[in-house]
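Accompanying notes for the structure given below.
Note that the structure is a prediction, hence the values are computed from the model and not measured.
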Amino acid sequence: MSFLGFGQPQPTSAQKIAAAKQELEMVTDILTQSCYKKCIPPSYQESELNKGESVCLDRCVSKFFDVNNKVTEKMQSLQGQAMGGGRAGGFGA
């Protein structure tokens with residue numbers, strides 16, 4: 001039994017890698033589905049992407065990653081504030 005929650009088992013490197021792979025697959029699926037739905041018409045006219053479809057996909061992917069980066073930065077900022085804010089009244093203050 002751990003004392004005050006310390007000593008909780010930490011995930012192994014293999015578990016971290018598996019979780020990262022799963023997250024990457026999920027993000028790829030979301031990106032593919034949303035950009036495909038937005039940029040590719042349901043009836044195919046040609047076997048290759050036309051210029052409009054290519055530009056749409058390029059912009060969609062770019063916006064997706066821009067938003068993803070902004071959300072990640074905000075989440076990290078909030079996590080830092082939550083961890084740093086709880087120390088104000090702790091030991092040595």
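Residues passing the side chain to side chain contact (heavy atoms under 4.5 Å, CB included) test with S77 are Q81, sequence neighbours excluded. Residues satisfying the side chain to side chain contact (heavy atoms under 4.5 Å, CB included) criterion with D58, sequence neighbours excluded, are absent altogether.
C35 contributes atom SG, which lies 6.5 Å from atom CG of L57 (distance to the nearest 0.5 angstrom).
Smallest separation of non-hydrogen atoms from E53 and E48: OE1-O, 4.2 Å. Minimum interatomic distance between Q10 and Q15 (heavy atoms only, all atoms of both residues): O-OE1, 4.4 Å.
Pairs of residues two or more places apart, or lying in two chains, that qualify as side chain to side chain donor-acceptor pair (under 3.5 Å) and include a residue from residues 22-39 are Y36-Y44.
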Solution key, residues 60-72 side-chain donor-acceptor pairs under 3.5 Å, sequence neighbours excluded:
from, atom 1, to, atom 2, distance (Å)
N69, ND2, F65, O, 3.3
T72, OG1, N68, O, 2.8

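Looking only at side-chain heavy atoms (C-beta outward), L49 and I40 come within less than 4.5 Å of each other.
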